[in-house]
Peer 1: 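Structure below; questions to follow.
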There are 2 protein chains.
Amino acid sequence: MNDGMHPQMGQSLLFLTDEQLRKGIEAMFFAYRGFTADPDRILAEKSYGRAHHRAIHFIHRNPGTTVNNLLSILGVTKQSLNRVLRTLIEDGLVASTVGKQDKRERHLHLTSDGAELERALSDAQRDRMRAAYRAAGPDAVIGFRQVLEAMMDEDARRHYEAMKDRTE
Amino acid sequence: MNDGMHPQMGQSLLFLTDEQLRKGIEAMFFAYRGFTADPDRILAEKSYGRAHHRAIHFIHRNPGTTVNNLLSILGVTKQSLNRVLRTLIEDGLVASTVGKQDKRERHLHLTSDGAELERALSDAQRDRMRAAYRAAGPDAVIGFRQVLEAMMDEDARRHYEAMKDRTE
DNA sequence: ACAATACGTCAGCTTTGTTGACATTCCAAG
DNA sequence: CTTGGAATGTCAACAAAGCTGACGTATTGT
């Protein structure tokens, strides 16, 4: 113990040791694998990837969103998103409609097929999240979210907050 | 509010609503981007990627590990790891030595150059983690880790636990 | 009229993952 | 001592998903 810490550091900052931080880093790595594992299995059957999942998720969360807005949420280039979006539109999972006020914009919605896949994916992902929440308990969940929120970049947090309380 | 919840559910399980779970899912997504952002910048300069970072991290954590063991920690194929490992060895960041008992095995260590890069990467990643920990506080950190641990797959948790308390 | 914006697309490149096939080396069991 | 299987490495081919750069079109705002 006491990995060369300064004595004045005091008990209250023990959670900031390099050792504690490293554990958190590894926990993030391993947990993220679990986090994506279940949806990945469903996606593989339909020969989609995580990029499709993300697009579907955020179109579901932001019905009618424009391509540009989705781009900024996902943090990828339009070429990268376009490849994914094109297959989703071709496969009839996403509908793209010309904007009413601004006809340059395309508004994105899930079709009923798209909504069905979205449900399958988020059910799978929620099941694991629910099990983890239940195992850890409500106080742990609050802490979990606090740390994650503090770990985000500014613009990610902006997007996160913007969607956060939509249904409350 | 009350998103169609069963009345008998009770106050104590409010944290398990689909809404709460979805927030957790999105928090994971956005936070993971922040989590990798700083190391990614350093890696880009040296034209390495995240795969190199992961290899370096776990070789640092498990000096002398075999390729097979590293494979099972990282959860990728040997061909995928080998490509990364080869460049790291060529660039003099990783040393691969033939096993003493079992000469089929290769034991992996960081060279001093490798250790230097490892330090730069983990310093950057720890800085952000430290800021997040500090912002959220010690109780939140405990909850954070509990939820992440509960989210891991069995074998991931095994690897995680095996490395967890090495220095305590 | 003109510049800027939103979107789509083409071409080409990179990283990182995958399978499958095959050679080498070596340990261990028969 | 031989042989089967394990650990490793390598070749080839491929896919997903990111990137840059360039270009075209429609629309909007100045």
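Proteins get letters first, then strands, A, B, ... in listed order; numbering begins at 1 in each.
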Peer 1: If we check salt bridge (Lys or Arg N to Asp or Glu O under 4.0 Å) with A/D38, which of these qualifies: A/R128, A/R126, A/R130?
Peer 2: A/R128

Peer 1: Measuring only between side-chain heavy atoms, which start at C-beta, is A/Y160 closer than 4.5 Å to A/L148?
Peer 2: no

Peer 1: Can you tell me how far P of C/dT5 sits from CD of A/Q101, to the nearest Å?
Peer 2: 19 Å

Peer 1: Between A/N68 and C/dC7, is there a contact of a side-chain N or O with OP1 or OP2 at under 4.0 Å?
Peer 2: yes

Peer 1: I'd like to know if A/R104 reaches the base of C/dT5 with its side chain such that a donor and an acceptor end up less than 3.5 angstrom apart.
Peer 2: yes

Peer 1: Please report, rounded to the nearest Å, how far the P atom of D/dG9 is from the CG atom of B/L70.
Peer 2: 11 Å

Peer 1: Measuring only between side-chain heavy atoms, which start at C-beta, is A/I56 closer than 4.5 Å to A/I59?
Peer 2: no

Peer 1: Identify whether the distance between the nearest side-chain nitrogen and carboxylate oxygen of B/E26 and B/R22 falls below 4.0 Å.
Peer 2: yes

Peer 1: Please give, in whole Å, the distance from D/dA16 C1' to A/H53 NE2?
Peer 2: 16 Å

Peer 1: Does B/R54 place a side-chain N or O at less than 4.0 Å from the phosphate oxygens OP1/OP2 of C/dT15?
Peer 2: no

Peer 1: Using a strict cut-off of less than 4.0 Å between a Lys/Arg side-chain nitrogen and an Asp/Glu carboxylate oxygen, indicate whether B/E154 and B/R157 qualify as a salt bridge.
Peer 2: yes

Peer 1: With the threshold set at under 4.0 Å for non-hydrogen atoms, list the residues of residues 72-86 of chain A touching DNA chain D in residue-number order.
Peer 2: A/G75, A/V76, A/T77, A/Q79, A/S80, A/R83

Peer 1: From the set C/dG8, C/dC27, D/dT28, return the single nucleotide nearest to any side-chain atom of A/D102.
Peer 2: D/dT28

Peer 1: In whole Å, what is the span from the CZ atom of B/R41 to the C1' atom of D/dC19?
Peer 2: 17 Å

Peer 1: Nearest nucleotide by nearest heavy atom, which residue falls closer to the 5' end of DNA chain D, A/K100 or B/L71?
Peer 2: B/L71

Peer 1: How close or far is atom C1' of D/dG9 from atom CG of B/L108, stated in whole angstroms?
Peer 2: 13 Å

Peer 1: Between B/H57 and B/H53, what is the ring plane arrangement, given parallel below 30°, perpendicular above 60°, and tilted in between?
Peer 2: perpendicular

Peer 1: Looking only at the side chain of A/R50 (C-beta and beyond, no hydrogens), which of the listed nucleotides D/dG9, C/dT5, D/dA17 gets closest?
Peer 2: D/dA17

Peer 1: Quick check: does any side chain N or O of A/S72 sit under 3.5 Å from a backbone N or O of A/N68, one acting as donor and the other as acceptor?
Peer 2: no

Peer 1: In whole angstrom, what separates B/E105's CD from D/dA7's P?
Peer 2: 8 Å

Peer 1: In this structure, how many angstroms lie between the C1' atom of D/dG18 and the OH atom of B/Y48, rounded?
Peer 2: 20 Å

Peer 1: State whether A/H52 places a side-chain N or O below 4.0 Å from either non-bridging phosphate oxygen (OP1 or OP2) of D/dA16.
Peer 2: no

